[in-house]
**Q** 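Mind looking over this structure? Questions follow.
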Amino acid sequence: MSEIITADNDRKATQAEADKKQNELNTLSKSIGELFKSGKTDEANEARAKTSDLKEEIRVLNSKLSETESGIQKLLVQVPNLPHPSVPEGKGEDDNMVEREGGEIPKLENALPHWELATKYDLIDFELGTKLTGAGFPVYKGWGAKLQRALINFFLDEATNAGYNEVLPPLLVNEESGFGTGQLPDKEGQMYHVTEDNLYLIPTAEVPVTNIFRDVVLDEKELPVKKCAYSACFRREAGSWGAHVRGLNRLHQFDKVEIVQVAHPDNSYDVLEQMVAHAQSLVEKLELPWRILRLCGGDLSFTSALTFDFEVYSAAQERWLEVSSVSNFETYQANRLKLRFRKAGEKKPQLAHTLNGSALALPRIVAAILENNQTSEGIRVPKVLVPFMGTEMIK
RNA sequence: GGAGAGAUGGCAGAGUGGUCGAAUGCGGCGGUCUUGAAAACCGUUGUACCGCGAGGUACCGGGGGUUCGAAUCCCUCUCUCUCCGCCA
């Protein structure tokens, strides 16, 4: 931190000096022009000789300046967001705080894990995905495919009913967008990179949707802006394969509905609450046992000030699965995005707050539904999905 | 993929080496007039950085170069548009 401040002071001093020299040069150049015009060629040539020294000095100062600036930039980019005061201390996921929970964990006998159910009812073909692409790219089939569609439609309908404006964004983004939401340079290796065109496959719709507001100055009365989007998400998940990643637990490609808000700094934490409540209503409507975690400092992402994770209980695996992450980034992304709003009558715009959350990510929801709702007759479809599925039972 | 044209302030659009941070129009804001509004007229209206301030510096798509001096000339990259080809 102090390193940055020192560097910044250095920058200021250098710039002041460079500006002064530049001013001298500019003045001199102007006078040369006038001298030539009035025919005083000798004086003009004399003045011209002086400029070369000045130019050299300016060149040195400027190169020093840009060096200092890029040094500062390098340091700044490495500074993570400041956690909100309510963030519990802790190193990793074991230190996360359970905020609240609900739903009922079903008692099952001889329960099958979802990957076996997927095969039994021919819903998901993992091997076929491996053949076509590789591990982590499942092929959904029949009722399995329709269940994906049902969930996407259900989630989008719920979001639009809650006032979110739906967008369908591009699945590839450029470098600026990756930087804007903070994936670059921090998570460079987690995104698929199309080097030929220097584009990145989005790891979440958060990236394109939040970048809608890059270099935008909003009117105060437009806040909050609420957007929702369905997208496929692509994650390399480099280095994170091992135990616990069978079936749908961790994929390279998955579907997700994302909600994004641009909020006024004065009430962004109310907005966060509201987004958490929205995600909660979804897991409740799907009749899944759920809990909400308040992430501790050590588990908090680079960009977030406060994050709540949602987990649902998957009864055959007998473990909690993360299905949503709802965060307030405060001005962290807005600063990179240059996303600001202007108060009525004020000249200078100020940074807005950005928030986003999954509402929800599909694969683990599917895993939980399959496992928790398995019966001897088949898999019971949650009531809210029946209109989308056109059946009450997957057989 | 081939050929051509272009990128200037919120928008439109002039500007081809010095007096250009940039004409003009539209829009925005303030005012005059009006019972009120419109019209008309007058004024005002970019961003960032440095400085207590006066003020200074940078920015005409990005980067580099020529020059005492670049929106203007040269190189390069990116993007957009038009036509042709291909195509869901």
Side-chain angles (χ1 to χ4, degrees), chain A residues 4-77 132 168-180 184-185 193-201 207-208 211-223 225 231-232 262 331-352:
Chain A
I4 294 173
I5 292 165
T6 315
D8 191 49
N9 285 333
D10 193 23
R11 187 201 109 241
K12 285 180 186 175
T14 313
Q15 186 180 338
E17 206 177 330
D19 281 1
K20 207 177 126 215
K21 296 282 184 201
Q22 185 67 51
N23 176 238
E24 277 180 48
L25 182 64
N26 287 352
T27 316
L28 200 57
S29 292
K30 219 168 245 182
S31 69
I32 289 170
E34 275 157 29
L35 287 170
F36 269 123
K37 216 173 265 178
S38 53
K40 298 173 184 166
T41 323
D42 292 347
E43 286 179 46
N45 282 330
E46 203 177 304
R48 233 156 82 171
K50 272 196 251 170
T51 60
S52 61
D53 283 351
L54 267 176
K55 273 171 72 174
E56 178 57 20
E57 285 176 56
I58 290 167
R59 206 188 53 76
V60 171
L61 283 170
N62 276 338
S63 76
K64 187 180 165 200
L65 184 64
S66 60
E67 210 172 282
T68 330
E69 269 173 356
S70 68
I72 290 170
Q73 199 52 37
K74 222 181 231 167
L75 290 172
L76 280 179
V77 161
L132 299 179
L168 186 63
L171 302 179
L172 285 88
V173 293
N174 58 29
E175 223 175 338
E176 291 78 51
S177 295
F179 179 81
L184 295 174
H193 187 190
V194 182
T195 49
E196 180 86 19
D197 299 289
N198 197 24
L199 296 173
Y200 293 87
L201 274 76
V207 179
N211 271 281
I212 291 173
F213 302 99
R214 173 150 50 85
D215 291 318
V216 166
V217 180
L218 295 162
D219 232 40
E220 186 179 25
K221 59 176 183 286
E222 292 178 78
L223 299 176
V225 185
S231 88
V262 180
T331 59
Y332 191 88
Q333 292 181 332
N335 186 40
R336 292 169 162 237
L337 293 162
K338 296 191 173 54
L339 161 55
R340 293 162 298 173
F341 70 97
R342 204 189 308 270
K343 287 188 181 173
E346 281 188 19
K347 198 169 150 65
K348 235 184 153 54
Q350 57 172 295
L351 293 172

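Reminder, nothing fancy here: chain letters follow the sequence lines and each chain counts from 1.
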**Q** Using Watson-Crick or G-U wobble geometry with both distances below 3.5 Å, tell me the partner of B:rU72, or none.
**A**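 Here B:rU72 is not engaged in any pair, so there is no nucleotide opposite it.
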**Q** C1' atom, B:rG10 versus B:rU78: distance in rounded Å?
**A**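 Those two atoms are separated by 24 Å.
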**Q** Would a 4.5 Å heavy-atom cut-off, applied to side chains only, mark A:Y332 and A:L351 as touching?
**A**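 The answer is no; the side chains never approach within 4.5 Å.
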**Q** Using the C1' atom as the point on both nucleotides, what is the distance between B:rC60 and B:rG6, in whole Å?
**A**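 Their C1' atoms lie roughly 14 Å apart.
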**Q** In whole Å, measure the gap between the P atoms of B:rA88 and B:rU8 for me.
**A**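 The answer is 35 Å between these two P atoms.
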**Q** Is there a Watson-Crick or G-U wobble partner for B:rA88 with both distances under 3.5 Å, and if so, which one is it?
**A**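 In the structure as shown, B:rA88 has no Watson-Crick or wobble partner.
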**Q** P atom, B:rA71 versus B:rA23: distance in rounded Å?
**A**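 The same atom, P, in both gives a distance of 15 Å.
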**Q** List, with names and distances, any nitrogen or oxygen atoms from the protein found under 3.5 Å away from nitrogen or oxygen atoms belonging to nucleotides 15-20 of chain B.
**A**
unit_1: B:rG18; atom_1: N2; unit_2: A:S29; atom_2: O; d: 2.9

**Q** What interatomic distance, in whole Å, is found between P of B:rG21 and the corresponding atom of B:rA70?
**A**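 Here B:rA70 and B:rG21 have their P atoms 11 Å from each other.
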**Q** A:D215 has an atom CG; how far is it from atom P of B:rA48, in whole Å?
**A**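 These atoms are roughly 12 Å apart.
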**Q** In whole angstrom, what separates A:N335's CG from B:rA48's C1'?
**A**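 Answer to the nearest Å: 14 Å.
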**Q** Among side-chain atoms of A:N9 and A:T6, is any donor-acceptor pair under 3.5 angstrom?
**A**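 Looking only at side-chain atoms, A:T6 and A:N9 do not form any donor-acceptor pair under 3.5 Å.
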**Q** Below 4.5 Å, heavy atoms only, C-beta onward: do A:L201 and A:L171 meet side chain to side chain?
**A**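 SC-SC contact between A:L201 and A:L171 ruled out.
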**Q** Return no unless some side-chain N or O of A:R342 is found under 4.0 Å from OP1 or OP2 of B:rG46.
**A**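 For B:rG46, OP1/OP2 do not have a side-chain N/O of A:R342 under 4.0 Å.
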**Q** Start with the C-alpha distance between A:F179 and A:R214, add both sets of side-chain angles, then the distance that settles side chain to side chain contact (heavy atoms under 4.5 Å, CB included), and finish with yes or no.
**A** CA-CA 11 Å; A:F179 179 81; A:R214 173 150 50 85; over 6 Å; no
**Q** Which whole-number value in Å describes the distance from A:E175 CD to B:rC77 P?
**A**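 It is 18 Å, rounded to the nearest whole Å.
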**Q** Could you tell me the Watson-Crick or G-U partner of B:rG17, where both distances fall under 3.5 Å? Say none if there is no partner.
**A**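 Here B:rG17 is not engaged in any pair, so there is no nucleotide opposite it.
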**Q** Which base sits across from B:rG4 as a Watson-Crick or G-U pair, both distances under 3.5 Å?
**A**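 Its partner is B:rC81.
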**Q** With rounding to the closest Å, how many angstrom separate the P atoms on B:rA12 and B:rC84?
**A**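 It works out to 26 Å between them.
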**Q** Determine the interatomic distance between P on B:rC86 and the same-named atom on B:rC75; round to the nearest Å.
**A**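 B:rC86 and B:rC75 have their P atoms separated by 34 Å.
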**Q** Taking atom CD as the centre, does A:E222 end up with more than 12 heavy-atom neighbours from other residues, nucleotides or ligands that are less than 6.0 angstrom away?
**A**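 Buried by this count: over 12 neighbours within 6.0 Å.
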**Q** Between C1' on B:rG65 and CZ on A:R59, what's the gap in Å once rounded to a whole number?
**A**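 Whole-Å distance recorded here is 14 Å.
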**Q** Between protein and nucleotides 50-63 of chain B, map the contacts as a letter string: B base, S sugar-phosphate only, - none, heavy atoms under 4.0 Å, written 5' to 3'.
**A** SS----BSS-----
**Q** Check the surroundings of atom CD in A:E220: do more than 12 heavy atoms from other residues, nucleotides or ligands lie under 6.0 Å from it?
**A**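 Yes, CD of A:E220 has more than 12 neighbouring heavy atoms, counting only those of other groups under 6.0 Å.
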**Q** Write down the partner of B:rC33 under the Watson-Crick or G-U wobble criteria, each distance required to be under 3.5 Å.
**A**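 Result: none.
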**Q** What's the gap between B:rU72 and B:rA54 when it is taken at their P atoms, as a whole Å value?
**A**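 These two P atoms come out 31 Å apart once rounded.
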**Q** For the pair A:D10 and A:K64, evaluate side chain to side chain contact (heavy atoms under 4.5 Å, CB included) and give the outcome as yes or no after the intermediate values.
**A** CA-CA 10 Å; A:D10 193 23; A:K64 187 180 165 200; 4.1 Å; yes
**Q** So which nucleotide does B:rA22 pair with, by the Watson-Crick or G-U wobble rule with both distances under 3.5 Å?
**A**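 Pairing partner: none.
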**Q** Write down the distance between CG (A:N174) and C1' (B:rU78), rounded to a whole number of angstrom.
**A**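 A:N174 atom CG is separated from B:rU78 atom C1' by 11 Å.
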**Q** Paired with B:rA48 by Watson-Crick or G-U wobble geometry, both distances under 3.5 Å: which nucleotide is it?
**A**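 Check on B:rA48: paired to B:rU57, both distances under 3.5 Å.
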**Q** According to ring-ring contact (aromatic ring centres under 6.0 Å, His included), who are the partners of A:F213, at least two apart in sequence or on a separate chain?
**A**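 Here no residue qualifies.
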**Q** Indicate yes or no: at least one non-hydrogen side-chain atom of A:K30 is less than 4.5 angstrom from one of A:N26.
**A**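 Heavy-atom side-chain distance check fails, nothing below 4.5 Å.
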**Q** Without decimals, in angstroms, what is the distance between A:N62 CG and B:rG64 P?
**A**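 Computing the A:N62:CG to B:rG64:P distance gives 11 Å.
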**Q** Mark yes or no for whether A:N211, through its side chain, and A:V207, through its backbone, hold a donor-acceptor pair below 3.5 Å.
**A**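 Flag set: sc A:N211 to bb A:V207 pair under 3.5 Å.
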**Q** Measure the distance from CD on A:E17 to C1' on B:rC49 and round it to the nearest whole Å.
**A**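 Computing the A:E17:CD to B:rC49:C1' distance gives 16 Å.
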**Q** Do A:K343 and A:Q350 have side chains that get closer than 4.5 Å, going by heavy atoms?
**A**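 They are in contact (side-chain heavy atoms under 4.5 Å apart), so the answer is yes.
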**Q** Hunt down the Watson-Crick or G-U wobble partner of B:rG9, both distances under 3.5 Å, from any strand shown, or write none.
**A**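 With both distances under 3.5 Å required, B:rG9 matches none.
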